[in-house]
Amino acid sequence: MQNAQNPCTFAAMETKKAYRDLAVFLGRFFEGKVQKISINAGFSCPNRDGTKGWGGCTYCNNQTFSPDYCQREKSVTQQLTEGIRFFSRKYPTMRYLAYFQSYTNTYGETEQLIAKYEEALRVEGVVGLIVGTRPDCMPDKLLDYFAELARKQFVMVEYGVESTLDRTLQRINRGHTYAEAEEAIRRTAAQGIHTGAHLILGLPGETREEILQHATRISSLPLETLKLHQLQLIRNTRMAKEYESNPDDFHLYDVDEYVELVVDFVERIRPQLVVERFVSQSPKELLIAPDWGLKNYEFVSKVDRRFAERQTWQGRLYQEMQG
Ligand code: SF4
């Protein structure tokens with residue numbers, strides 16, 4: 001076991017933050033501002049149509065991650081053009097990453113998938129791709145395509161890992177195991193493709209100690225970025241029904257308690273891992289709880305303040321996983 005030594009040095013030099021954030025990461029590849037634009041490319045999900053499972057993950061209502069400009073009936077080009085128009089008024093020199101976010105963006109006929117990615121890359125101002133998907137949905141042929149593309153352009157694959165406990169993955173009907181997530185992440189990183197992961201903190205049945213153990217396990221993987229999200233109960237989901245019939249089975253964090261959890265978590269992750277987000281923001285009309293009424297930047301400043309008050313930093317309690 002080994003504690004990180006003086007890991008604050010990099011943070012002080014690069015961001016003046018107590019953790020490594022996305023701006024630092026993107027700054028390694030691009031000069032100037034780069035903005036992600038979310039796209040709903042009209043793909044489906046194998047955990048909804050019976051290929052991997054039925055009904056989807058218990059917390060999922062896909063409407064929650066589609067901003068207004070990214071609607072299914074609009075083409076990839078149209079969604080990107082509208083997104084770019086919105087940002088470029090304020091930042092004329094900004095460049096963009098096409099973020100295939102909704103549903104499973106590697107699920108479909110390979111040629112059709114590639115056609116959508118290439119369409120995105122042809123839009124003026126787009127300088128790379130970020131593709132969100134499930135760990136059990138990355139065929140070799142597609143991975144080879146991404147590897148080839150990554151030699152010329154910025155390409156990141158972002159896997160929804162959600163938990164490192166199979167017991168939880170089963171309970172939320174993810175339809176894959178943690179071992180499958182590990183395998184997908186290792187295969188992707190081995191091909192030289194930027195690799196990210198997404199975790200939900202506070203899934204039902206997980207103790208605080210178990211949540212903090214995700215930090216050690218996920219840090220042992222060849223990941224470059226990590227997104228953390230608080231558990232949100234969303235209308236018209238199976239989890240919302242579970243909560244209604246058994247609320248004691250859930251622990252919904254209040255904002256200060258979640259800030260504390262985030263700081264504890266980030267103290268335990270590998271110092272080089274980029275922490276891209278701490279929270280997700282679902283549309284108010286779909287959110288049941290917790291409703292903190294905070295914008296992302298307001299939450300981030302609370303986290304920054306807490307890091308400073310506690311005089312701590314990313315990786316301070318990092319321990320390499322044994323065995
Ligand atoms: S969260 Fe992702 S994998 Fe799960 S059902 Fe929704 S779209 Fe499918």
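Whatever order the structure lists ligands and atoms in, that order sets their numbers, starting from 1. Quantities reported herein were computed from a predicted structural model and do not represent experimental measurements. Just so it is clear, the values below take in all heavy atoms, side chains as well, and ignore hydrogens, waters and symmetry mates.
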A.B. asks: Need the ligand 1 atom indices (1-based, order shown) with element for anything under 4.0 Å from a heavy-atom of Arg134.
C.D. replies: 3 (S)

A.B. asks: Strictly distance-based, threshold 3.5 Å: is any side-chain N or O of Gln314 a donor or acceptor partner for the main-chain N or O of Arg270?
C.D. replies: yes

A.B. asks: Pick one: which of Glu111, Glu148, Glu109 meets salt bridge (charged side-chain N to carboxylate O under 4.0 Å, His left out) with Lys141?
C.D. replies: Glu111

A.B. asks: Suppose we screen for ring-ring contact (aromatic ring centres under 6.0 Å, His included). Which residues come up paired with Phe30, at least two apart in sequence or across chains?
C.D. replies: Phe154

A.B. asks: Looking at Arg174, which atoms of ligand 1 are within less than 4.0 Å of one of its heavy atoms?
C.D. replies: 1 (S), 3 (S), 4 (Fe)

A.B. asks: Check this for me: does any side-chain nitrogen of one of Arg122 and Glu119 sit under 4.0 Å from a carboxylate oxygen of the other?
C.D. replies: no

A.B. asks: With a cut-off of 2.8 Å, does any N, O or S atom of Cys45 fall short of it relative to atom 8 (Fe) of ligand 1?
C.D. replies: yes

A.B. asks: Show the atoms of ligand 1 that are less than 4.0 angstrom away from any heavy atom in Gly56.
C.D. replies: 5 (S)

A.B. asks: Is there a donor-acceptor pair closer than 3.5 Å between any side-chain N or O of Arg174 and the backbone N or O of Arg134?
C.D. replies: no

A.B. asks: Please confirm if an N, O or S atom belonging to Cys57, backbone or side chain, lies less than 2.8 Å from atom 4 (Fe) of ligand 1.
C.D. replies: yes

